[in-house]
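See below for the structure under consideration.
One-based numbering, in listed order, for ligands and for the atoms of each. What you see below is based on every heavy atom in this structure, not just the backbone, and it leaves out hydrogens, waters and symmetry mates.
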Amino acid sequence: MHPQLVRSLTCRTSPLRLHRFSIQVRLDSTWSTHPSLAATPSLKTSLQSNFGYDQMTPVQKQVLDAVHGSEAAGKRRDMLVRAKTGTGKTLAFLVAAIQLVLKNPVKPTGVSILVFSPTRELAVQTANEARRLLDIDLHRKHSHHPAHGHNVTVIVGGESKGRQIDGIQNLKHVEYNPKNKFKRKSEADSITGGIEVVVATPGRLEDLLNTVEPVRKRLQDVQVVIFDEADQLLDMGFQSTIQSILQHIPTPQNRHTFMFSATLSSPSIRALASTQLVNKPVHEIDTTNDATTPAGTQTTDLHAHIPQTYALAEYKHWPYLLTKLIKTHVETLPQKTTTTTTSTTTPPQPRIILFCNTSKQAAYFSKLLTRLPSFRSASESGRLKPLPTHINIYELHARLEQSRRARVSDAFRANTTSPSVLVTTDVSARGVDYPDVSLVVQVGPPSSFEQYVHRVGRTGRAGKSGEGVLLVDPYEKGFMRGMDDGVVGSEVIDSWVESEDPKDLALRESVEKAGRDVVAEVEGVEDSYFALLGFYTQQKFVNKAGVGLAAQRYARDLLLLNETPSLSLRLAQQMGLTNVKGIHVRGGGSFSDSEDSPKPRKFSARGDKGGFKGKYESDDRAGNKSSKGNARPWEKRGGR
Ligand SMILES: Nc1ncnc2c1ncn2[C@@H]1O[C@H](COP(=O)(O)OP(=O)(O)OP(=O)(O)O)[C@@H](O)[C@H]1O
């Protein structure tokens with residue numbers, strides 16, 4: 001954390017406590033230590049000219065060495081790869097897969113590389129990276145491929161199936177344009193014989209394979225299958241969908257299979273690996289246990305160069321605290337500008353990601369922040385242009401239309417000229433590579449330690465600097481039990497919550513007013529309460545007795561509601577929250593009720609009207625599950 005920020009947190013009387021992780025800040029010494037690009041000459045040219053990279057990251061070096069080793073031995077070997085966030089895994093698997101296909105071409109018109117992605121945003125990003133890499137004539141040195149004509153298709157939910165089917169069937173060449181626009185060449189320009197890549201989220205791909213014969217045909221000769229963010233694919237409940245897709249492509253013995261992630265500890269990984277990584281001995285590559293691992297931590301997944309702070313504060317402080325955190329970061333980051341005798345580097349623009357546990361919570365905080373002076377919404381349609389004089393807020397979660405999600409994501413990525421905050425959910429937690437994010441704030445406990453690692457990994461990428469803050473209510477501290485003790489340290493620093501500084505008092509007042517305005521102006525603020533209950537009841541270490549009272553405080557102190565929203569009996573049963581203190585079933589108890597014995601009321605028109613039916617998804621694991629997935633009732637809507 002920035003020293004000035006740490007200092008500003010000092011106030012002994014405050015109920016808010018900030019615990020600093022016991023992490024030593026060190027430079028990431030292993031970034032780019034491999035000066036040569038061990039790719040084939042054409043890919044090397046692409047990496048240099050299309051990406052400007054002259055060196056390989058450690059994971060890229062090890063993966064390509066493994067591929068060369070297998071090629072030299074004339075033996076197919078599968079790969080299980082773990083490397084920290086932001087260390088270049090995407091290009092590692094893309095370059096490796098393309099090299100393998102170049103050496104062993106089969107049908108010129110079939111899909112040869114299939115990448116599984118857990119989220120739509122990641123699928124689109126990976127496809128763009130593949131297009132950039134393939135924007136080169138790969139075949140001058142390879143007689144098997146006489147022509148240049150590669151095709152990358154994204155298959156994700158929420159978008160036109162027709163276009164995806166068309167894309168996968170017709171090998172229309174997609175041309176990369178450095179301004180980040182991809183234009184299709186005309187039919188006449190499309191040439192077969194290139195490499196065809198499909199990047200897919202499992203749900204939509206299964207759907208197309210089951211219903212569209214030509215899609216099935218085009219995937220029957222896949223040569224390389226990649227499970228990116230493999231642990232998340234499985235944890236999201238995609239097992240059965242993936243199994244169904246695998247029936248349509250060559251058996252594991254007849255293809256290469258790679259599994260990649262920054263975290264591979266999930267037990268389901270071993271199960272999938274045992275059936276899919278059959279070309280042995282498997283290359284097990286793990287670059288996490290290096291000099292950048294924080295001293296004293298039990299995990300090797302975290303970067304030492306990202307200082308991380310754990311803040312314990314009651315819900316009632318959250319809106320003010322988050323606002324203050326953002327403002328302090330925005331004000332202090334430019335002071336980090338380094339001045340040399342010859343030049344002054346341009347101050348980096350503060351770029352913040354605020355992770356919320358539910359879409360409703362993200363919508364709430366986004367609406368609250370945009371009502372504050374000097375903040376503004378940059379995600380309404382037509383307002384995507386940033387305003388340099390303001391802190392621009394971008395709202396992105398699973399309850400937005402896919403086209404809007406794509407626009408917001410592109411706009412946040414492109415904004416390098418003004419301070420910006422992406423208020424989002426776990427749809428943005430994995431793999432997504434927004435450049436130069438300077439601060440990640442996690443609002444509430446992540447669903448697992450792995451998720452913590454991935455969220456904080458949106459900053460400090462490619463060896464750059466960044467910092468992380470985790471904000472939890474005392475009730476939520478219980479959810480932290482599964483997390484690494486070495487990471488959550490015990491050094492206590494105090495807070496600014498009780499500050500009497502007139503500027504702070506004015507800010508607090510405007511935050512409180514913004515909160516009241518949101519309740520008055522925005523419909524369905526109480527849905528945020530239901531969504532929080534949904535999130536809580538899914539947590540491993542949930543203390544059921546405490547859920548009701550904690551959520552009641554959330555509704556009263558953070559959402560500023562006058563009464564606890566009421567649940568239908570069916571919903572309360574689904575969540576296992578009947579006879580739980582603080583939970584109002586079929587009636588709305590007001591806060592004048594004793595929290596210990598809420599008065600049951602007659603069914604109120606307010607609040608839940610009989611079951612989630614996707615209305616109050618608990619978090620953004622909601623979408624993208626196939627009908628065969630093990631989705632809970634409140635997880636069935638939307639998509640990641
Ligand atoms: N050889 C390289 N030299 C310099 N930068 C690189 C190199 N390879 C990748 N990068 C950049 O590093 C950043 C992180 O890469 P990438 O998104 O592949 O990380 P990752 O390991 O997949 O992270 P995550 O675990 O979060 O998915 C990207 O901006 C990428 O362009």
So if I count the atoms of ligand 1 from 1 in the order they appear, which ones are less than 4.0 Å from some heavy atom of [X]?
| X | result |
| --- | --- |
| Thr90 | 16 (P), 17 (O), 18 (O), 22 (O) |
| Lys84 | 21 (O) |
| Arg461 | 14 (C), 16 (P), 17 (O), 19 (O), 20 (P), 23 (O), 24 (P), 26 (O) |
| Gln55 | 1 (N), 2 (C), 3 (N) |
| Glu229 | 27 (O) |
| Thr87 | 19 (O), 20 (P), 21 (O) |

Handout entry: Main-chain N/O of Ser418 paired with Asn415 side-chain donor or acceptor, under 3.5 Å
Key = yes

Problem - Option whose closest heavy atom lies nearest to atom 24 (P) of ligand 1, chosen from Gly86, Pro58, Ala262 - result: Gly86

Handout entry: Phe93: which of Phe258, Phe260, Phe116 passes ring pair (Phe, Tyr, Trp, His ring centres under 6.0 Å)
Key = Phe260

Any nitrogen or oxygen of [X], side chain or backbone, less than 3.5 Å from one on ligand 1?
| X | result |
| --- | --- |
| Gln60 | yes |
| Leu91 | no |
| Asp433 | yes |

Does either side chain, that of [X] or that of [Y], offer a donor lying less than 3.5 Å from an acceptor on the other one?
| X | Y | answer |
| --- | --- | --- |
| Asp231 | Thr263 | yes |
| Ser70 | His283 | yes |
| Gln402 | Arg407 | no |
| Asp78 | Asn279 | yes |
| Tyr452 | Ser447 | no |

Handout entry: Phe412 six-ring face occupied by Arg351 cation (under 6.0 Å, within 45°)
Key = yes

Problem - Whether Gly457 lies under 4.0 Å from ligand 1, heavy atom - result: no

Practice task
Measure the distances from the heavy atoms of Arg458 to every atom of ligand 1 and state whether one is below 4.0 angstrom.
Solution key: yes

